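Notes to accompany the following structure.
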2 protein chains.
Amino acid sequence: MPSTVMEDYLKAIYELQTEYNGARVRTSQIADYLGVTAPTATSMFSTLESNDYVEYEKYNGAVLTEAGEQVALRLVRNHRLLETYLTAKFGYRLSDVHDEADRLEHHISDRLVACLADELDDPTTDPHGAPIPTASLDVPDRPRGNQLSAFAEGKTVVVLEVDDRDDGVLEYLSNRQIVPETALTIESVAPFGMVTVSPVGRDESVPLPADVANLVWGASITNSDREGI
Amino acid sequence: MPSTVMEDYLKAIYELQTEYNGARVRTSQIADYLGVTAPTATSMFSTLESNDYVEYEKYNGAVLTEAGEQVALRLVRNHRLLETYLTAKFGYRLSDVHDEADRLEHHISDRLVACLADELDDPTTDPHGAPIPTASLDVPDRPRGNQLSAFAEGKTVVVLEVDDRDDGVLEYLSNRQIVPETALTIESVAPFGMVTVSPVGRDESVPLPADVANLVWGASITNSDREGI
DNA sequence: GCATGGTGTTAGATGGGGCTAACTATTAAT
DNA sequence: ATTAATAGTTAGCCCCATCTAACACCATGC
C-alpha cells in the first residue's frame with residue numbers, strides 16, 4: 001500500500017506522462033508540479049522505484065509501472081467521480097471542486113466510490129469534461145478536440161473540456177458559463193492569440209486571452225462529421 | 001492546525017472524557033483505545049499540551065482545553081453526519097459506516113459538511129442514535145435512557161442508542177433490526193446479565209448477552225412520561 | 001574538445017510519530 | 001512502613017518526508 005504522499009507523486013507522474021504522450025517524467029517536473037524541492041522529488045523517485053511503482057533511471061526520469069499506473073488511475077477515478085458528485089448533488093462550481101476532491105480521493109473506499117458512480121449513472125466524464133476511468137480502470141478514449149485558438153473565425157464550436165489546472169481561469173470561465181457542452185461562435189482570433197467567442201444563444205462577447213483559450217478544448221460543429229456529440 | 005494524528009488523539013480523549021463524565025483521561029486509556037504503545041501516548045500527550053489542546057499533568061492524565069474540545073467536536077460532528085449520510089443515501093448498514101466515516105472525517109471541508117447537514121435537514125442524531133453536535137459545536141443534550149439490562153421483565157422499551165464501539169455487535173443487532181427507534185419487549189433478564197428481548201410486532205425472541213445488552217440504551221414506554229419520542 | 005551553466009543527485013539535518021528497553025511513580029498488600 | 005506489583009515516563013532508536021548545501025552529470029557554445 002502506498003502512503004498518501006506516494007499516491008500524490010504517482011498521480012502527478014501519471015498526469016504529466018499523459019500530458020506529454022507517455023514521455024518519461026523528470027524529477028524537476030514533479031518538484032515543480034507538487035511544490036517540493038528537487039532533492040525531495042529525487043528521493044521519492046527512488047522510493048517509488050523500490051516499491052515497483054515506477055521505473056526510474058538516474059538523470060533520465062521515470063515511467064509508471066503497471067502497478068503504479070493502477071494506483072494513479074484509481075486516484076483519478078476517485079477524483080473525477082467526487083468532482084462530478086459534488087457538482088451534481090451539492091452545486092459546487094467548477095472552480096471549487098478541485099481541492100475537496102484532492103483531499104478525499106485518497107481516503108474514500110472503493111465501495112463508496114462505487115456508490116457515487118451508481119448514483120450518477122456511471123458518468124464517463126467529469127464536470128471539466130475529462131474522462132473518468134471505469135471501475136476496472138480503463139480510460140475511455142474520447143476525442144478532446146482542439147484548443148480554441150486553433151479554430152478559424154466564424155466557426156461554431158462545442159466545448160468538450162476545460163483544463164482544471166488554474167482555478168482563476170476556471171472561475172472566469174464558469175462565471176461566463178463556458179463549460180463542457182457550451183456552444184460558442186469564434187468571433188475573432190487576434191495575432192497574439194486572444195480569442196473572442198460568443199456563446200450561442202447569448203448576445204455577449206467573451207474575450208479569452210491566449211493562456212485561457214489554450215485551456216479550452218472543443219470540436220467544430222458547423223461542418224463536422226460528429227454532430228452527435 | 002493539528003495533524004490528523006493529533007486529531008485522532010483529541011477525539012479519543014473527548015470520547016473517553018465524555019464516557020467517564022469529564023474525568024481526566026490517562027495515557028494508558030488512550031494507548032489502549034488507539035492501539036499504540038504507552039510511551040507513544042505519553043509523548044503525544046505532551047505534544048498536545050504544548051499546542052494547548054490539553055492540560056496534562058504527569059502521572060495524572062489530561063483534560064481537553066477549550067481549543068482541544070473544539071477540534072474534537074468538529075470531528076464528532078463530521079463523523080456523525082457522514083455516518084448519517086452514508087446510511088441515508090447509500091444504504092450503508094450500521095456496522096459498515098464507522099470506518100468510512102473515521103477516515104473521511106479528517107479531510108472533509110466545513111463546506112461539504114454543511115452540504116450534508118443541509119441535505120439531511122440538520123439531523124440531531126446519527127444512525128446509532130448518538131447526538132450530532134450543531135454547526136456551532138454545541139452538543140444537543142439528549143437523554144440516553146438506560147442500558148437494556150436495567151429494565152424489568154415485561155417492560156416495553158424503545159431503543160434510543162446503540163453504542164458503536166463493536167462492529168460485530170452492531171452487525172448482530174442490525175441484522176435483527178434492533179436499531180434506534182425499534183420498540184422491544186423485555187422478555188427476561190437472566191442473573192448473569194443476558195437479556196432476551198422481542199421486537200414489538202415481530203414474533204421472535206432475540207437473546208442479548210450482557211456485553212451486548214449493555215451497549216443498547218433505551219427508554220421505557222409503558223409507563224413513561226415521554227411517549228412522544 | 002573543453003569550459004560553463006543548468007539540471008539532477010548525494011549528504012546530512014530536522015521534525016513527526018512510532019517502537020522497545022530501562023527506569024521511576026503510585027498504589028495496594030502485608 | 002515496607003515492599004511488590006502496576007502504571008507511567010524517559011532514553012534512545014527507526015522510518016518517512018522534507019529541507020539546504022554541496023557535489024556530479026550533461027549538453028551546449030565556442
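Below, chains carry the letters A, B, ... as their sequence lines are ordered, and counting in each starts from 1. As the structure is a prediction and not an experimental result, all values here were calculated from the model.
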Side-chain H-bond candidate by donor/acceptor type, Q29(B) with Y20(B), under 3.5 Å: no
Side chains of E153(B) and S188(B), donor plus acceptor under 3.5 Å: no
Does OP1 or OP2 of dG8(D) have a side-chain N or O of R26(B) closer than 4.0 Å? yes
Closest nucleotide among dG8(C), dT9(D), dG17(C) to the Y56(B) side chain: dT9(D)
Closest heavy-atom pair and its distance - Y92(B), C115(A): CE1-SG, 4.1 Å
NZ/NE/NH1/NH2 to OD/OE distance under 4.0 Å, R165(A) and E19(A): yes
Hey, does the side chain of T27(A) come within less than 4.0 Å of dT7(C)'s phosphate (OP1/OP2), counting only N and O? no
Check each residue of residues 5-16 of chain B for a non-hydrogen atom within less than 4.0 Å of any atom in DNA chain C, then write out the ones that pass by number, or none. V5(B), Y9(B)
Identify, residue by residue, the members of residues 28-43 of chain B with a heavy atom below 4.0 Å from DNA chain D, and return them in order of residue number, or none. S28(B), A38(B), P39(B), T42(B)
Taking atom types as modelled, is there a side-chain donor on H106(A) or D8(A) under 3.5 Å from an acceptor on the other? yes
Between the side chains of D138(B) and R77(B), is the shortest nitrogen-to-carboxylate-oxygen separation below 4.0 Å, so that they form an ion pair? no
Counting only side-chain N and O atoms of K58(B), is one of them less than 4.0 Å from OP1 or OP2 of dT26(C)? no
Sole candidate of L116(B), D126(B), V97(B), T125(B) that passes side-chain contact (heavy atoms from CB on, under 4.5 Å) when paired with T84(B): D126(B)
Any Lys/Arg nitrogen of K11(B) or E105(B) sitting under 4.0 Å from an Asp/Glu carboxylate oxygen of the other? yes
